[in-house]
2 protein chains.
Amino acid sequence: MNRIQATARFQKIDNFANLGNLYVLLIRISSIIILISAIIIVRTKMKSNATQKDVAKMAGVSQATVSLVLNGAGSNSISDTTVAKINEAVRVLGYLPNYMARALRTNQTMTLACVVPDIMNPYYPALIRGVQAVAEAAGYDVITVSTDGQKERELHYLKMALQGRIDGVIGVFFGLGIIDLEPFIEAGIPIVRLEASVKRGGPISIDDFFVDNSQAAEDLTSFLISKGHSRIAMIAGRGGPQSVRVDGYRKALQSKRLKALIQLDDAFTEEGGARAAVKLLDKGEKPTAIIAANDLMAIGVMHALMGRGLSIPDEIAVAGFDDIPAARLVSPSLTTVTQFQNSLGAQAAHALVERLNGTAIGPGRATQQPYRIIERLST
Amino acid sequence: MNRIQATARFQKIDNFANLGNLYVLLIRISSIIILISAIIIVRTKMKSNATQKDVAKMAGVSQATVSLVLNGAGSNSISDTTVAKINEAVRVLGYLPNYMARALRTNQTMTLACVVPDIMNPYYPALIRGVQAVAEAAGYDVITVSTDGQKERELHYLKMALQGRIDGVIGVFFGLGIIDLEPFIEAGIPIVRLEASVKRGGPISIDDFFVDNSQAAEDLTSFLISKGHSRIAMIAGRGGPQSVRVDGYRKALQSKRLKALIQLDDAFTEEGGARAAVKLLDKGEKPTAIIAANDLMAIGVMHALMGRGLSIPDEIAVAGFDDIPAARLVSPSLTTVTQFQNSLGAQAAHALVERLNGTAIGPGRATQQPYRIIERLST
DNA sequence: CTGTTAGCGCATTCAG
DNA sequence: CTGAATGCGCTAACAG
């Protein structure tokens, strides 16, 4: 078509212009040729690995025999010479099994998904690390994904399992409830959840690992009371594990007949914490201690207080949750509650692997995990 | 066999004992039966998704037609009624394409690997986030992996590509050089590297994104000199981008004829930084400013100095590299050099996607990325 | 002990 | 416009 147009024009225009046209034409053609050849080169190079067939040919045996030897199945039933020949061929050819073909056949991918709300939140890397350690030891690879706590994205990654891309899921789900998860379990996808409040095992075989955040908050509050504080405020975001922590805080105060003083903010970030603290102070409230629903917010609170020239912990003590790495690094260092994320991740992975290899069957198990208050200089 | 043994014993022993044996036998048999049935249940549930064949059957067309419709290929060449019937069947059956089968056929996984030394190091999450954003927009999923900077593990993930598990790799490689990487490029695996020193594009089509860390260190040092410091020490770990930064520091001092004062430690962590700082002080050196090769070490230095009762920045100023989240949070907040990790990751992902879809071909491109000194209260 | 056979689910010619 | 046929690379019976 291009060429026809060009030819048509060719006949109408004078020689000089023709030269220009010809030039343009040549450029076009040659660029197309370059593109095509490049594509050919790329295609030619693409993933050109030796297959079992190649190995079989070189070793002078059938492809099936190669498969048998490589999978070690019936290892006693194949002659040493054959095995040797095959191994040699594998070595020479640099044979690597094609993952997709194997997965298609066996219906196993040997990979797990670790679904977290936000990889940028310093709480999660430690968790992920724990998962990876156990999973890899069991021969599974881990793919880590951030969902921003959006239900839609959480579902996306669960669907990957349904498409046969992953064998199981470990997740911190903000948007999805057990009702949403059930279809996946029904379809045979093992799921392990990490939760922030007490769970009981149910008929659906989802395993839960939970930290009793309500109790933790209660303990932390009681700890502050025991240090002599009586006006203790709480600052929290909305959603996630925050509300559970607020509940615990409330309980502790009630049992001592102290008044709750709660300031919420939309974001559970440093900025959110600072904002809430300012709002609290501006209301004329003058607590002697502030508990923030996570460390990020607690650090924000600290900054806000320092900005007002208030000394920590002398005038106002501050405590948080999560024991993120920065908690140790701020000044004064932050009193907080650790959930042993690393171990939590490891246990979750362990449970998932058990489901996967059939060691564990039956209804869902709920396992409580420990927490601990870490007292530092901010209280 | 078990049964035969039991039967044999049955004849020898008195009735009472026999009862016991029988009991054991029954227990064994029943437990085996339970196990088997459980396995059957599990197997039955396993990934039982509708296939194109099912859809075809329901829609009364052939599997090939289903594939055509679903892939939108020749969308104009299929009757609307057929398309409608197929879509309806897809909906009813909840059909999801089998990822493995598709990947096997097309030789594409639409998955990228993002290989970093340590996901726990706060420098990387932002990078990963950048990669994920771009990759997902282009239809790729990202699998993130930590290598601990070990050559062996870096290779492991590269081999995943050779096995057809991933289409391309974005990586921060500590152990692997271009020589190690070349075979993978030869095999058609696009690789994008993130580097800490100046690179030039080479014949091998590996794309490099680098930040000139030497220049950054030189600038940071000059910045301190301009603030009136003349006795500036540097604390660094061994390996990684650290040595490049030391070089830049040296250069800046030389140009002003100032003496370099370097204290190394094996670990580029907070502890390493604190250790090095103590060693420096114990030597009787009294610098007016200390540059640490990364923020983690810088924070360690700050702690060590505070431990000695030295005030920051009045007696000794401190600066670091990376702008990890904690840099902003410590007191005094830490002056550091940001590398815009998020954007760095995004660009790298963009380049990889270009290679993948053939938009970019030819030799490796090296692209310089910006950095910026962020002045805070520690200097 | 080894080879033959039969798909896994899908994309893609090639005929009708 | 649609269906039949083929094969990606591999595993797993099943025969010899």
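These values consider heavy atoms only, across backbone and side chains, with no hydrogens, waters or symmetry-generated copies. Here is how names work: the chains are called A, B, and so on, in the same order as the sequence lines, proteins then strands, and each is numbered from 1.
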Open item on the list: Applying a 4.0 Å non-hydrogen cut-off, can you work out what Val61(B) is touching in the nucleic acid: base, sugar-phosphate, or nothing?
Closed with: sugar-phosphate

Open item on the list: Quick test of your reading of the model: are Asp167(B) and Arg355(B) salt-bridged, counting only N-O distances below 4.0 Å?
Closed with: no

Open item on the list: Please confirm whether the shortest side-chain N or O distance from Gln63(A) to OP1 or OP2 of dT2(C) is below 4.0 Å.
Closed with: no

Task: Short N-O contact, Glu88(A) and Arg91(A), less than 4.0 angstrom - done: yes

- [ ] Write down the distance between CG (Leu70(B)) and C1' (dT12(C)), rounded to a whole number of angstrom.
- [x] 15 Å

- [ ] Kindly say if Tyr95(B) contacts the phosphate of dC10(C), meaning a side-chain N or O under 4.0 Å from OP1 or OP2.
- [x] yes

- [ ] State which of dG3(C), dA11(C), dG9(D) makes the closest approach to the side chain of Ser62(A).
- [x] dG3(C)

TODO: Starting from the 5' end of DNA chain C, give me the residue, Gly60(A) or Met100(B), whose nearest nucleotide shows up first.
DONE: Gly60(A)

- [ ] Mind calculating the distance between CZ (Arg165(B)) and C1' (dC10(D)) to the nearest angstrom?
- [x] 15 Å

- [ ] Would you tell me if any nitrogen or oxygen in the side chain of Arg102(A) comes within less than 4.0 Å of OP1 or OP2 on dG9(D)?
- [x] no

TODO: Can you measure from CD1 (Ile206(B)) to CZ (Phe173(B)) and round to the nearest 0.5 angstrom?
DONE: 8.0 Å

Task: Closest-nucleotide 5' rank along DNA chain D - winner of Ala101(B) and Thr81(B) - done: Thr81(B)

Open item on the list: Between C1' on dG9(D) and CG on Leu162(B), what's the gap in Å once rounded to a whole number?
Closed with: 15 Å

Task: Whole-Å distance separating the CD atom of Gln52(B) from the C1' atom of dT2(D) - done: 15 Å

TODO: Find the distance Lys53(B):NZ to dA4(D):P and express it as a whole number of Å.
DONE: 13 Å

- [ ] Could you tell me the separation between the CG atom of Asn71(B) and the C1' atom of dT2(D), rounded to a whole number of Å?
- [x] 16 Å

Open item on the list: Using OP1 and OP2 only, check whether a side-chain N or O of Thr65(A) sits under 4.0 Å from dT2(C).
Closed with: no

Open item on the list: So if I take every side-chain heavy atom of Pro97(A) and compare against dC10(D), dT12(C), dG3(C), which nucleotide ends up nearest?
Closed with: dC10(D)

- [ ] Would you indicate whether the side-chain heavy atoms of Thr51(A) and Asp54(A) approach each other to under 4.5 Å?
- [x] yes

Task: Any Thr147(B) side-chain heavy atom under 4.5 Å of Val115(B) side chain - done: yes

Task: Nearest-Å distance for atom pair CG/P, residues Leu68(A) and dT5(C) - done: 16 Å

- [ ] Kindly check if the number of other-residue, nucleotide or ligand heavy atoms within 6.0 Å of CG (Asn357(B)) is above 12?
- [x] yes

Open item on the list: Starting the side chain at C-beta, find the nucleotide from dC10(C), dC10(D), dT2(D) nearest to Asn98(B).
Closed with: dC10(C)

Task: Euclidean distance, atom CD1 of residue Ile86(A) to atom P of dG3(C) [Å, nearest integer] - done: 8 Å

- [ ] Would you tell me if any nitrogen or oxygen in the side chain of Thr82(B) comes within less than 4.0 Å of OP1 or OP2 on dT2(D)?
- [x] yes

Task: Minimum-distance nucleotide (side-chain atoms of Arg105(B) versus dG3(C), dC8(C), dC10(C)) - done: dC10(C)

Task: Given dA12(D), dC10(D), dG9(D), the nucleotide with the shortest approach to the side chain of Ala64(A) - done: dA12(D)

